[in-house]
**Q** 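Below are the structure tokens for one structure; questions will follow.
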Amino acid sequence: MAVLLSTKPAAMAMWRDALLAVDPALEIRMFPESGDPADIEAAVVWTAHDMAELRRYPNLRLIVSMGAGVDHLLRPPGPPPGIPVARLVDRMLTTQMGEWVLLNVLRFHRQDLDYRAQQRDGIWNELPAPVTAETPVGFLGLGELGSHAAGLLRGLGFPVLGWSRRPKQVAGVESFHGADGLAQMAARSRILVCLLPLTPETRGIVDARLLGLLPRGAFLINGARGQHVVDADLLAALDSGQVAAAALDVFSPEPLPAEHPYWTHPRVVMTPHAASITIPASAAPQVVENLTRARAGESLLNLVDFSAGY
Ligand code: NAP
Ligand code: GLV
């Protein structure tokens with residue numbers, strides 16, 4: 001039996017090496033060289049793989065996302081019926097995202113865009129001192145990534161708020177849920193960080209209404225998915241000053257077309273979906289563990305809840 005990998009060729013080679021380092025007995029196939037479809041028992045795939053294609057493998061017992069997000073696996077037609085899907089929960093993914101959020105919170109909190117503009121124009125001018133304890137940071141999503149980043153900011157003395165689907169207790173984080181909770185949290189968030197999964201409920205959640213609830217001159221940080229943000233609404237909020245600046249790692253579509261206004265907007269800081277990149281050597285052990293469990297009919301790690309959509 002074999003494991004099918006599907007992503008860019010260079011990343012596939014890294015995944016192959018990482019999986020074989022954990023279990024040298026594995027047989028690895030790299031898409032589109034799947035070989036006999038009956039051999040494939042697990043598919044470890046990233047965003048470009050067509051879920052209809054996975055219906056070709058009669059003995060498939062497990063699908064694994066090469067990242068934390070699974071929206072690419074759940075969009076129509078979705079995974080073959082009855083096949084479980086697992087995602088990655090990985091220390092290195094979590095650490096990187098924490099760093100990226102920290103980088104951007106501090107960038108905005110410490111007026112870095114303004115100081116860079118002043119430097120460019122040769123201006124020596126001290127801006128008002130930022131007060132950490134008076135800069136609440138609100139998180140959309142308090143899962144693996146959100147709760148870790150929230151903890152880092154809490155450690156620096158930022159008041160931290162978080163919104164989740166279900167009521168939640170995270171040490172040092174004031175937690176909210178539901179539509180009213182979202183509005184209450186937004187109204188207090190000087191910096192809003194999106195780390196939600198993309199689901200029918202969260203698509204387009206960062207729209208004119210939500211941005212309008214933030215204190216004037218708030219900042220947006222989106223490390224989740226581009227489709228969470230209504231781009232026209234964010235651009236309008238940036239141009240009106242309702243939102244002072246945005247740090248965006250994810251876009252719709254990706255790569256972002258060259259003519260998109262984000263590329264040149266003076267108040268937008270972009271990274272090319274690089275906030276947190278899967279390191280196969282770190283993630284491979286949980287994939288092998290899940291394959292072992294799937295073979296034994298045991299419960300899987302980091303299983304996707306289809307009814308919740310993440
Ligand atoms: P996770 O552990 O599943 O956490 C998701 C959080 O969002 C949970 O707190 C969940 O609430 C909350 N949530 C889900 N639906 C909601 C809704 N309708 N209303 C309110 N809250 C809702 O996911 P994660 O591992 O933190 O990852 C989050 C996302 O980050 C991924 O799905 C992926 O899209 C993105 N990501 C991006 C990068 C990058 O490089 N840019 C890297 C990795 C991941 P509950 O706690 O109640 O379940
Ligand atoms: C990256 O976007 C991921 O979902 O891991």
**Q** Give the cluster check for Leu195 versus Val170: same hydrophobic cluster or not, with ILVMFWY residues linked at side-chain heavy-atom distances below 4.5 Å.
**A**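 Same cluster.
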**Q** Just wondering, more than 12 heavy atoms not from Arg56 lying within 6.0 Å of its CZ?
**A** yes
**Q** Side chains of Arg166 and His177: closer than 4.5 Å at any heavy-atom pair?
**A** no
**Q** Taking side chain as C-beta onward, heavy atoms only, is Val288 less than 4.5 Å from Val3?
**A**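 No. Closest side-chain heavy atoms not under 4.5 Å.
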**Q** What residues form a ring pair (Phe, Tyr, Trp, His ring centres under 6.0 Å) with His273, not counting sequence neighbours?
**A** none
**Q** Establish whether Ile221 and Val173 are linked, either directly or via other cluster members, by ILVMFWY side-chain heavy-atom contacts under 4.5 Å.
**A** yes
**Q** What's the shortest heavy-atom distance between Ala283 and Leu88, and which atoms?
**A** CB-CD1, 3.7 Å
**Q** What heavy-atom pair brings Asn59 and Ala38 nearest, and what distance separates the two atoms?
**A**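 Scanning both residues completely, I find the closest heavy atoms to be ND2-O, 2.8 Å.
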**Q** Does Ala274 offer a backbone N or O that forms a donor-acceptor pair with the side chain of Trp100 under 3.5 Å?
**A** no
**Q** Would you say that more than 12 heavy atoms from the other residues, nucleotides or ligands in this model lie under 6.0 Å from the CZ of Arg110, or not?
**A** no
**Q** Hey, could you give me the CG/CH2 distance between Leu142 and Trp163, rounded to the nearest 0.5 Å?
**A**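 With rounding to 0.5 Å, CG (Leu142) is 10.5 Å from CH2 (Trp163).
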**Q** Hey, is the main chain of Phe251 close enough, under 3.5 Å, to the side chain of Glu254 for a donor-acceptor pair?
**A** yes
**Q** Is it true that Asp114 and Arg267 have a side-chain N and a carboxylate O under 4.0 angstrom from each other?
**A** yes
**Q** Give a yes or no on whether the backbone of Phe158 and the side-chain of Arg154 come within a donor-acceptor separation of less than 3.5 Å.
**A**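 Pair found, side chain donor or acceptor close to backbone of Phe158.
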**Q** Can you give each donor-acceptor pair under 3.5 Å made by side-chain atoms of residues 125-141, sequence neighbours left out, with the distance rounded to 0.1 Å?
**A**
unit_1	atom_1	unit_2	atom_2	d
Asn125	ND2	Gln118	OE1	3.0
Thr132	OG1	His109	NE2	3.2
Thr135	OG1	Val131	O	2.8

**Q** Quick one: pull up CD1 in Ile40 and CG in Leu60 and give me the separation to the nearest 0.5 Å.
**A**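 Between atom CD1 of Ile40 and atom CG of Leu60 there are 8.5 Å.
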**Q** Under 3.5 Å, which donor-acceptor pairs do the side chains of residues 4-26 form with other protein atoms, sequence neighbours left out?
**A**
unit_1	atom_1	unit_2	atom_2	d
Ser6	OG	His49	ND1	2.7
Asp23	OD1	Ala25	N	2.9

**Q** Would you indicate whether Arg116, at its atom CZ, is surrounded by more than 12 heavy atoms from other residues, nucleotides or ligands within a distance under 6.0 Å?
**A** yes
**Q** What closest approach, in Å, do Leu161 and Arg188 show between heavy atoms, and which atom pair accounts for it?
**A**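 Looks like CD2-NH2, 3.6 Å.
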**Q** Would you compute the distance between atom CG of Asn302 and atom CD of Glu289 and round it to the nearest 0.5 angstrom?
**A**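 Result: 10.5 Å between the selected atoms.
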**Q** Are Met185 and Leu220 in one and the same hydrophobic cluster, where Ile, Leu, Val, Met, Phe, Trp and Tyr link if side-chain heavy atoms are under 4.5 Å apart?
**A**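 Linked within one cluster.
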**Q** Going by an N to O cut-off under 4.0 Å, is there a salt bridge joining Glu201 and Arg165?
**A**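 Judged by the 4.0 Å cut-off on N to carboxylate O distance, Glu201 and Arg165 do not form a salt bridge.
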**Q** Give me the atom names and distance for the closest heavy-atom approach of Pro77 to Ala52.
**A** CG-N, 3.8 Å
**Q** Could you tell me whether the side chain of Asp121 and the main chain of Ile123 form a donor-acceptor pair under 3.5 Å?
**A** no
**Q** Hey, mind stepping through Asp231 and Tyr262 against side chain to side chain contact (heavy atoms under 4.5 Å, CB included) and telling me if it holds?
**A** CA-CA 9 Å; Asp231 292 328; Tyr262 285 152; 2.6 Å; yes
**Q** I'd like to check Thr202 versus Arg225 (side-chain heavy atoms, cut-off strictly below 4.5 Å). Are they in contact?
**A** no
**Q** As a quick check of understanding, evaluate side chain to side chain contact (heavy atoms under 4.5 Å, CB included) for Leu214 and Phe219, giving each step before the final call.
**A** CA-CA 9 Å; Leu214 299 172; Phe219 298 91; over 6 Å; no
**Q** Side-chain heavy atoms nearer than 4.5 Å, only ILVMFWY residues, links allowed to pass through others: does that put Leu256 and Leu238 together?
**A**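 Per the 4.5 Å side-chain linkage, Leu256 and Leu238 are co-clustered.
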**Q** Without swapping roles, check the side chain of Asp249 against the backbone of Ala275 for a donor-acceptor pair under 3.5 Å.
**A** yes
**Q** Under a 4.0 Å N-O cut-off, is there an ion pair linking Asp71 with Arg75?
**A**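 Result for this pair is no, no salt bridge flagged.
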**Q** So Met51 and Val45, side chain to side chain contact (heavy atoms under 4.5 Å, CB included) or not? Walk me through it.
**A** CA-CA 10 Å; Met51 288 299 105; Val45 299; 4.2 Å; yes
**Q** Between Ser65 and Leu73, what is the shortest heavy-atom contact and its length?
**A** CB-CD1, 3.7 Å
**Q** Is the side chain of Gln227 donor-acceptor paired with the backbone N or O of Ser252 at a distance under 3.5 Å, no angle test?
**A** no
**Q** Ignoring hydrogens, what is the shortest heavy-atom contact between Leu62 and Ala86? Give both atom names and the distance.
**A** CD1-CB, 4.5 Å
**Q** Quick one: pull up OG1 in Thr95 and CG in Leu145 and give me the separation to the nearest 0.5 Å.
**A**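 The CG atom of Leu145 is 10.0 Å from OG1 of Thr95, to the nearest 0.5 Å.
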**Q** Is there a chain of hydrophobic side chains (I, L, V, M, F, W, Y, each step under 4.5 Å between heavy atoms) that links Phe306 to Ile63?
**A** yes
**Q** Step by step, work out the side chain to side chain contact (heavy atoms under 4.5 Å, CB included) result for Leu156 and Val105.
**A** CA-CA 11 Å; Leu156 290 181; Val105 166; over 6 Å; no
**Q** Is any side-chain heavy atom of Phe176 closer than 4.5 Å to a side-chain heavy atom of Leu182?
**A** no
**Q** Rounded to the nearest 0.5 Å, how far does CE of Met97 lie from CD1 of Ile277?
**A**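 With rounding to 0.5 Å, CD1 (Ile277) is 10.0 Å from CE (Met97).
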**Q** Have Tyr57 and Ser34 got a donor and an acceptor in their side chains that come within less than 3.5 Å?
**A** yes
**Q** Using distance alone, with no hydrogens and no angle criterion, decide if Asn290 and Arg293 have a side-chain donor and acceptor under 3.5 Å apart.
**A** no
**Q** I'd like to know if the side chain of Ser276 reaches the main chain of Gln96, judged simply by a donor and an acceptor atom lying under 3.5 Å from each other, with no hydrogens or angles considered.
**A**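 Pair absent, no side-chain N/O of Ser276 close to backbone of Gln96.
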**Q** Could you check whether any side-chain heavy atom of Val44 comes within less than 4.5 Å of a side-chain heavy atom of Phe31, counting everything from C-beta outward?
**A**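 Not in contact.
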**Q** Rounded to the nearest 0.5 Å, what separates atom CZ in Arg87 from atom CD in Glu144?
**A** 6.0 Å
**Q** Would you indicate whether the side-chain heavy atoms of Pro37 and Pro58 approach each other to under 4.5 Å?
**A** yes
**Q** Would you say Thr278's side chain and Pro280's backbone share a donor-acceptor pair under 3.5 angstrom?
**A**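 Judged by distance alone, no pair lies under 3.5 Å.
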**Q** Does Leu248 offer a backbone N or O that forms a donor-acceptor pair with the side chain of Asn222 under 3.5 Å?
**A**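 Flag not set: sc Asn222 to bb Leu248 has no pair under 3.5 Å.
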**Q** Please state whether the rings of Trp46 and His72 are parallel, tilted or perpendicular, taking 30° and 60° as the class boundaries.
**A** perpendicular
**Q** Are the side chain of Asp233 and the backbone of Ala208 linked by a donor-acceptor contact shorter than 3.5 Å?
**A** yes
